[in-house]
Amino acid sequence: MSTKETDYLVIGSGIAGLMFALKASVHAKVMILTKREMTESNSNYAQGGIASVMSDTDSFDEHIRDTLSAGAGLCHRDIVENTIRQGPERIRELINYGVQFTTREENRNEFDLGKEGGHSHRRIMHAGDITGKEVKKVLIDVVKQNTNIEVYENHIAIDLITTKKLGLSGSNMVVGAYALNNATNDVLTIKSKVTVLATGGAGKVYLYTTNPDIATGDGIAMAYRAGAMIKNLEFVQFHPTCLFHPKAKSFLISEAVRGEGAILRLKDGTDFMKKYHHMGSLAPRDVVAQTIDFELKKRGDDCVFLDITHKPKSFIQQRFPNIYNKCLQYGIDMSSDLMPVVPAAHYFCGGVASDWNGLTSLERLYVCGEVSCTGLHGANRLASNSLLEALVFAHNASESSQHYVANDYPADVQSIPAWDKRKAVDSDENVVVSNNWDEIRRFMWNYVGIVRSNKRLERAKHRIELLQKEIHEYYWDFVVTNDLIELRNIATVAELIIRFALHRKESRGLHYNLDYPERNNELWCKDTVYENKSFIEGEALCK
Ligand code: FAD
Ligand code: SIN
């Protein structure tokens with residue numbers, strides 16, 4: 001067991017964590033912890049791109065309007081306006097680091113702006129159909145050359161370290177974290193002046209997800225255990241179009257494909273979305289996913305189909321090379337075949353509550369990226385607004401936290417407790433972990449998915465309470481492992497989602513409950529806010 005000290009501890013190496021680290025490293029020492037290799041993250045798989053106003057024919061007002069409209073009344077207007085207005089500056093920063101966004105073939109001085117669901121304009125900056133990979137490659141190269149940044153790969157943060165003594169604002173103060181070195185099984189105690197959670201989302205709480213294995217909601221669970229305020233976890237976004245193929249492991253077919261004219265069809269060829277929304281196949285995601293779910297259940301079909309066969313093969317291959325090749329691997333030539341697709345859990349609009357600076361309710365704890373709930377997305381995120389949010393809030397948090405690193409720790413936190421190994425022994429029953437993991441993901445999909453009801457939610461609550469008891473005992477009896485840490489976290493996030501979903505007694509955006517099918521602006525046009533194990537009144541957002 002060893003102890004380390006740093007100015008900034010950044011947990012996570014997605015676009016949010018890397019961007020924060022680069023900015024913070026200008027004036028202090030940064031340690032990045034990441035639980036696999038640096039590349040592995042949701043960011044790495046982002047296809048569509050980054051939404052920002054980058055053309056003279058577009059305007060901030062229109063991007064703001066689209067974001068508010070997707071958010072179904074729960075966006076915080078000030079956050080939306082400021083985030084969108086900052087977009088072009090953050091994009092230019094990426095370009096200065098060396099990110100190459102795709103330009104138009106007819107004029108290489110103009111960006112080739114993509115279109116996605118809910119956007120009234122072409123405004124998605126993209127690098128082919130592998131935007132996340134391109135941005136991460138560039139940022140990782142810059143991070144590796146930076147002598148103020150140390151990276152600890154294969155280290156999973158277990159819990160935040162808080163002081164019992166009250167901080168300046170009257171809240172608990174976060175002074176570091178414990179992390180397990182997956183190679184040696186040692187637990188590091190890390191003391192930091194500022195701790196940043198950039199741990200991403202929690203798609204793995206669900207059986208079917210577009211997210212990679214790292215997305216187990218660790219940041220949300222750690223912040224919750226440390227006493228931070230959590231918001232809006234009932235709003236889980238399901239992406240409408242994942243490839244339906246037994247070997248594809250929920251491979252995403254980007255919304256940009258629909259942006260270029262692809263149409264969703266039923267088995268018999270019907271363009272069904274036209275009946276439900278004036279934007280048809282390009283309606284906001286909540287509408288498309290709920291409609292597909294409805295049609296599949298009504299007809300007993302396994303999937304719907306995405307059709308872009310009316311576009312020339314050369315265009316498809318050039319605009320979507322990664323998607324084209326991946327589909328071809330599974331025997332689907334998207335220029336001549338329809339792609340079978342289904343919805344899957346994709347993005348968490350809720351998370352650890354933060355202000356405009358990414359500061360949480362706990363002193364010295366910041367969040368940026370998908371782990372946070374900043375007020376930008378409301379009840380449903382507009383496509384490609386999440387990478388924008390990650391960039392903007394990484395910037396804001398790095399600016400706002402500087403004063404903490406300029407000074408020493410308060411006198412009462414000069415020493416922090418080392419990890420207590422307790423009397424834990426090695427487990428000889430790892431099957432408990434994998435069984436519980438499967439069970440949670442399955443009942444979350446069946447009972448707390450795209451369409452919910454009170455009965456399903458109550459069932460899920462009962463199940464998670466039983467499992468939580470078992471996991472709790474197991475956690476304290478046995479030596480911590482990566483799998484056990486992740487299981488404990490998905491169980492915590494699952495329990496929170498269920499509680500949040502039961503609390504909101506209406507349907508809005510991504511939360512659809514058959515027992516309350518209508519939106520209720522009078523009573524529920526507010527965030528769902530959970531702190532110290534109870535719900536507190538959120539700010540009224542419909543004026
Ligand atoms: P991530 O990129 O997920 O990074 C989280 C990091 O935290 C990882 O490095 C992980 O290993 C690390 N971590 C987690 N827990 C721990 C722990 N306990 N200890 C140590 N490290 C930990 N959004 C858009 O705006 N545009 C798109 O085109 C787009 N396409 C997408 C396509 C796919 C397939 C997916 C899955 C998502 C897409 N999204 C898109 C959403 C977007 O990619 C994510 O919301 C965003 O990348 C999140 O970035 P992040 O830095 O917050 O988290
Ligand atoms: C996509 O490319 O469809 C994903 C975009 C997003 O999640 O914002």
Side-chain angles (χ1 to χ4, degrees), residues 9-20 32-52 70 114 116-119 124-127 129-133 135-136 139-140 151-160 177-180 182 196-204 209-222 237 239-242 250-259 285 320 323 344-349 351 367-372 377 381-391 393-394 482 485-486 488-489:
L9 171 63
V10 179
I11 307 177
S13 63
I15 286 176
L18 293 175
M19 202 63 187
F20 178 92
I32 299 180
L33 285 187
T34 188
K35 67 177 168 177
R36 305 272 188 280
E37 57 284 6
M38 236 203 294
T39 43
E40 194 54 357
S41 55
N42 277 6
S43 300
N44 201 44
Y45 299 91
Q47 296 183 350
I50 311 176
S52 189
E116 290 180 15
H119 286 274
I124 317 294
M125 294 285 286
H126 64 95
D129 57 353
I130 50 163
T131 309
K133 201 177 206 150
V135 174
K136 280 209 69 171
L139 295 183
I140 287 174
V151 182
Y152 286 70
E153 293 186 306
N154 296 310
H155 280 70
I156 179 167
I158 306 171
D159 261 318
L160 298 170
Y178 299 112
L180 175 72
N182 276 325
V196 181
L197 290 172
T199 45
K204 294 299 281 190
T209 175
T210 62
N211 293 188
D213 292 347
I214 52 95
T216 51
D218 300 0
I220 299 171
M222 286 190 283
Q237 186 169 67
H239 197 293
T241 58
C242 287
S250 300
F251 177 70
L252 183 76
I253 308 292
S254 175
E255 205 156 285
V257 177
R258 274 175 285 141
R285 257 177 220 175
F320 302 112
I323 299 172
H346 183 63
Y347 182 85
F348 274 63
C349 291
V367 279
C368 48
E370 192 169 337
V371 65
S372 65
H377 309 306
R381 172 180 67 102
L382 184 67
S384 286
N385 262 359
S386 91
L387 291 177
L388 171 70
E389 182 189 50
L391 295 173
F393 281 80
N482 187 87
I485 293 166
E486 290 185 340
R488 181 185 183 223
N489 291 334

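Whatever order the structure lists ligands and atoms in, that order sets their numbers, starting from 1. No hydrogens, no waters, no symmetry mates; every other heavy atom, side chains included, goes into these values.
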Is the closest N or O pair between Leu388 and ligand 1 shorter than 3.5 Å? no
Tyr45: partners by ring-ring contact (aromatic ring centres under 6.0 Å, His included), with sequence neighbours left out: none
Test of proximity, Ile11 against ligand 1: N or O pairs below 3.5 Å: no
Output for pair (Ser41 OG, Leu18 CG), nearest 0.5 Å, gives 7.5 Å
Counting only nitrogen or oxygen atoms and a 3.5 angstrom limit, does Glu40 reach ligand 1? yes
Ligand 1-proximal atoms of Ile15, by part, heavy-atom distance under 4.0 Å: backbone
Checking side chain to side chain donor-acceptor pair (under 3.5 Å) against Lys204, which of Asn211, Asp213, Thr209 comes through? Asp213
Please compare His346, Glu37, Glu389, Gln237 and report which has the shortest non-hydrogen distance to atom 39 (N) of ligand 1. His346
Quick look: His155 vs ligand 1, heavy-atom contacts under 4.0 Å, and the answer is backbone
Go through the steps to decide whether His126 and Thr131 satisfy the test side chain to side chain donor-acceptor pair (under 3.5 Å), and finish with yes or no. CA-CA 5 Å; His126 64 95; Thr131 309; 5.3 Å; no
From atom 31 (C) of ligand 1, work out which of Gly12, Gly132, Gly14, Ala46 has a heavy atom at the shortest distance. Ala46
I'd like to know if Thr34 contacts ligand 1, where contact means a heavy-atom distance under 4.0 Å to any ligand atom. yes
Do Ile50 and ligand 1 have an N or O pair less than 3.5 Å apart? no
Logged contact type for Ala390 with ligand 1, heavy-atom cut-off 4.0 Å, is neither
In the protein, which heavy atom is nearest to atom 22 (C) of ligand 1, and how far is it? Lys35 CG, 3.8 Å
Would you say ligand 1 has an N or O under 3.5 Å from any N or O of Gly17? no
Closest by any non-hydrogen atom to atom 5 (C) of ligand 1: pick that one out of Ala179, Gly369, Ala198, Gly201. Ala198
Proximal candidate to atom 42 (C) of ligand 1 [heavy atom criterion; set Gly351, Ser386, Gly217]: Ser386
Polar contact flag for Tyr45 and ligand 1 (N/O pairs, less than 3.5 Å): no
Would one find an N or O of Met38, backbone or side chain, under 3.5 Å from an N or O of ligand 1? no
Compute whether any side-chain donor of one residue and acceptor of the other, for His377 and Glu389, lie under 3.5 angstrom apart. yes
Minimum distance, heavy atoms only, to atom 14 (C) of ligand 1: which one of Thr209, Thr199, Ile158 is it? Thr199
Kindly tell me which protein residues have any non-hydrogen atom under 4.0 angstrom away from an atom of ligand 2, grouped by chain and ordered by number? Gln47, Gly48, Glu116, His239, Leu252, Ser254, Glu255, Arg285, His346, Arg381, Ala383, Ser384
For ligand 1, which part of Asp218 has a heavy atom less than 4.0 Å away: the side chain, the backbone, both, or neither? side chain
Taking N or O atoms only and a 3.5 Å limit, does Glu370 qualify as a polar contact for ligand 1? yes
